[in-house]
Amino acid sequence: MTLSSLCAALDPAALKQATVYLKQYGYLPSSSSADPQRIQTEQINEALRIFQRVTGLPVTGRLDASTLTVMRAARCGLSESFSRMLRYRVLGQWRKKRLTYRIYNHAPALGWSGTRAAVHTAFGYWSAVSPLLFQEVRAGHADINIAFHRRDQGCPVAFDGPGQVLGHAEGPDSGTVHFDADEVWTEGRSYGANLRIVAAHEIGHALGLGHSQFHSALMGPVFMGYRRNFRLHPDDIRGIQALYGKRKPVDKASAAQRKPVPDPCTAGLDAIMLGPLHKMFAFRGHYVWTVSESGYNAPAPIKALWKELPDNISAAVHSQRTNKSYFLKGDKVWRYSGFKLDHGYPKRLTIPSNIQAAFFLQSRRALVFIKGSEYWLWDELGSAEPLRLYPRPLAQLSSGLPRDPDAAFSASDGHVYVFRGERFWSLSPALTLEKGAPLRSRERWMRCDD
């Protein structure tokens, strides 16, 4: 076979580009000449066959347009160095099964909460199928260190800007994980690079796994795009269990204590608020996630943001007057300044327990608490009518408010949104019901497709 037949109708520049790629990612020996004309044709042929097999392309050994397209796709920066029959490659092994991780900065488009939620879920894929346990630390030494940087920011392995290389990592005992800050990192969207899935891949390297020759495996070298119902491939599971063993079965008592991660597209709400950093936080069970115009970010444990706060809160409200956040559960209230618990809290409520929803009423500069078909109005600074004059019928506040709501919040423009079940009611700043209410919340707020 000649080089001309190998590369079909492609130009010499394309062949050189492919040769550089094959050398960079371990399909050709690094000692090979940079000039494709000086490399043995059979070497390139075999390298292309391996690359095509790994990426799910027809195995021809020819450099066709589809092969070049995959070479230009987003991928991990770690080289493959495959042998012919190897399924997963091992980089090393931690000598312990409890590992800490630290996130040094965040993806610009996702913010801190979205980044932490994505990384937390990424670690969860590996702990679900192995005995490994992971804990985030905010300061000091960590086993696995995670950071975002651009190509000009001093990393020994420079990134290439938007496109192609998304991240890279080092195996045990280094645990370094880097992501390209120039990428558009997303969650729940088909565009950009999904941080949760890419992070799970790079964490796999940090745990000791190399690249898989199954193109659909998480540890395959090329990013396969966003997958809503992502699961580990059997080869991923075989690899991690070969290093650390299988996850031990738990007894029924332990299983009952597990905290299932809610699906924001199907889970109801315990509470919702427009809170610190002007972000919208939605709560369910043990978890919280942020909501924006583009949809939701992956749920994270409530304690990752408000460490003293209990799970299964019944209501949350953020005051636009004092910039304080209030969380209610049972007969107690927790008050936070940002994400720091105020001194003296939690305190016992002076209104009935198990409040169902709360929101800030701009027209009165006061907080509204709802339970059943009644409400209480409270002025934090003490100038409103005393709470002893309440409760009052909810209909006196607005005929558009549904009784027994699950959650509520007020937007910065004064509009109030009340949630119950799968629907929400939109009210004007004057608390009059707006046209079309109620609407389905999963499409409007979580941006979920049918």
Side-chain angles (χ1 to χ4, degrees), residues 76 87-103 114-137 142-144 146 167 169 171-172 175 177 187-188 194-212 214 216-220 223-267 284-289 296-304 311:
C76 173
R87 291 181 178 176
Y88 54 83
R89 175 174 161 238
V90 173
L91 304 178
Q93 184 178 9
W94 292 94
R95 294 180 293 276
K96 55 185 177 180
K97 295 180 180 178
R98 291 179 177 267
L99 300 171
T100 56
Y101 68 93
R102 181 177 174 186
I103 306 172
T115 299
R116 294 181 67 213
V119 171
H120 173 84
T121 305
F123 275 104
Y125 292 126
W126 297 113
S127 62
V129 296
S130 74
L132 294 171
L133 297 174
F134 305 103
Q135 179 183 358
E136 182 184 3
V137 296
D143 298 307
I144 298 174
I146 299 168
V177 176
E187 177 53 66
N194 183 271
L195 179 58
R196 170 171 45 89
I197 297 175
V198 176
H201 174 103
E202 301 302 340
I203 289 167
H205 289 323
L207 296 177
L209 288 178
H211 282 148
S212 170
F214 290 92
S216 57
L218 170 67
M219 296 311 298
F223 178 52
M224 300 298 292
Y226 170 66
R227 288 167 278 176
R228 180 175 174 183
N229 297 315
F230 171 78
R231 296 290 185 274
L232 291 180
H233 186 278
D235 193 56
D236 301 319
I237 298 173
R238 283 192 294 267
I240 201 68
Q241 290 181 350
L243 288 173
Y244 301 102
K246 296 182 179 181
R247 181 182 177 90
K248 295 181 180 179
V250 296
D251 56 33
K252 292 183 178 180
S254 299
Q257 296 176 1
R258 286 184 182 174
K259 302 175 180 180
V261 179
D263 180 352
C265 289
T266 58
R284 177 67 176 184
H286 309 279
Y287 290 87
V288 59
W289 60 92
Y296 66 87
N297 288 320
I302 291 175
K303 293 185 184 300
D311 301 324

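Since we're looking at a predicted model, the values are computed, not measured.
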Nearest 0.5 Å please: distance from the OG atom of S130 over to the OH atom of Y244. 8.5 Å
Taking atom NE2 of H211 and atom CG of L91, what is their separation to the nearest 0.5 Å? 8.5 Å
Check R196 with E187, please: is the shortest side-chain N to carboxylate O separation under 4.0 Å? yes
Which heavy atom of H205 sits nearest to which heavy atom of A169, and what is that distance? CB-CB, 3.8 Å
Distance col, row L243:CG vs L207:CG, nearest 0.5 angstrom, shows 8.5 Å
M219 versus D236: any side-chain heavy-atom pair under 4.5 Å? yes
Could you state the interatomic distance from NE2 (H233) to OG (S216), rounded to the nearest 0.5 Å? 3.5 Å
Please give me the minimum heavy-atom distance between S212 and A217, naming the atom from each residue. OG-CB, 3.7 Å
Can you measure from OG1 (T121) to OH (Y287) and round to the nearest 0.5 angstrom? 8.0 Å
For a quick check under 3.5 Å, do Y125 and R231 share a side-chain donor-acceptor pair by atom type? no
Ring centroid separation for F123 and Y101, is it under 6.0 angstrom? yes
What heavy-atom pair brings A206 and G175 nearest, and what distance separates the two atoms? CB-CA, 4.2 Å
Check whether any side-chain heavy atom of N194 sits under 4.5 Å from a side-chain heavy atom of F230, and report yes or no. no
Tell me, do P234 and F214 make a side-chain contact under 4.5 Å, heavy atoms counted? no
Heavy-atom pair with the smallest gap, counting every atom of S127 and L132: CB-O, 3.2 Å
More than 12 heavy atoms of other residues, nucleotides or ligands under 6.0 Å from CD of Q241: yes or no? yes
Indicate yes or no for a side-chain donor-acceptor contact from H201 to the backbone of L218 under 3.5 Å, with no hydrogens or angles considered. yes
Note, H120 side chain near E136 side chain (heavy atom, < 4.5 Å): no
Just do the side chain to side chain contact (heavy atoms under 4.5 Å, CB included) check on T100 and F134 with the steps written out, would you? CA-CA 6 Å; T100 56; F134 305 103; over 6 Å; no
Answer yes when D143 and R98 have at least one side-chain N-carboxylate O distance shorter than 4.0 Å, and no when they do not. no
Please check if atom NZ in K246 has more than 12 non-hydrogen atoms from other residues, nucleotides or ligands closer than 6.0 Å. no
Is the closest side-chain heavy-atom distance between I146 and V119 below 4.5 Å? yes
Closest contact, heavy atoms only, P131 versus G245: CD-O, 3.2 Å
How long is the straight-line distance from CG of L133 back to CG of L99, given to the nearest 0.5 Å? 8.5 Å
Is a donor on one side and an acceptor on the other found under 3.5 Å between the side chain of W126 and the backbone of I203? no
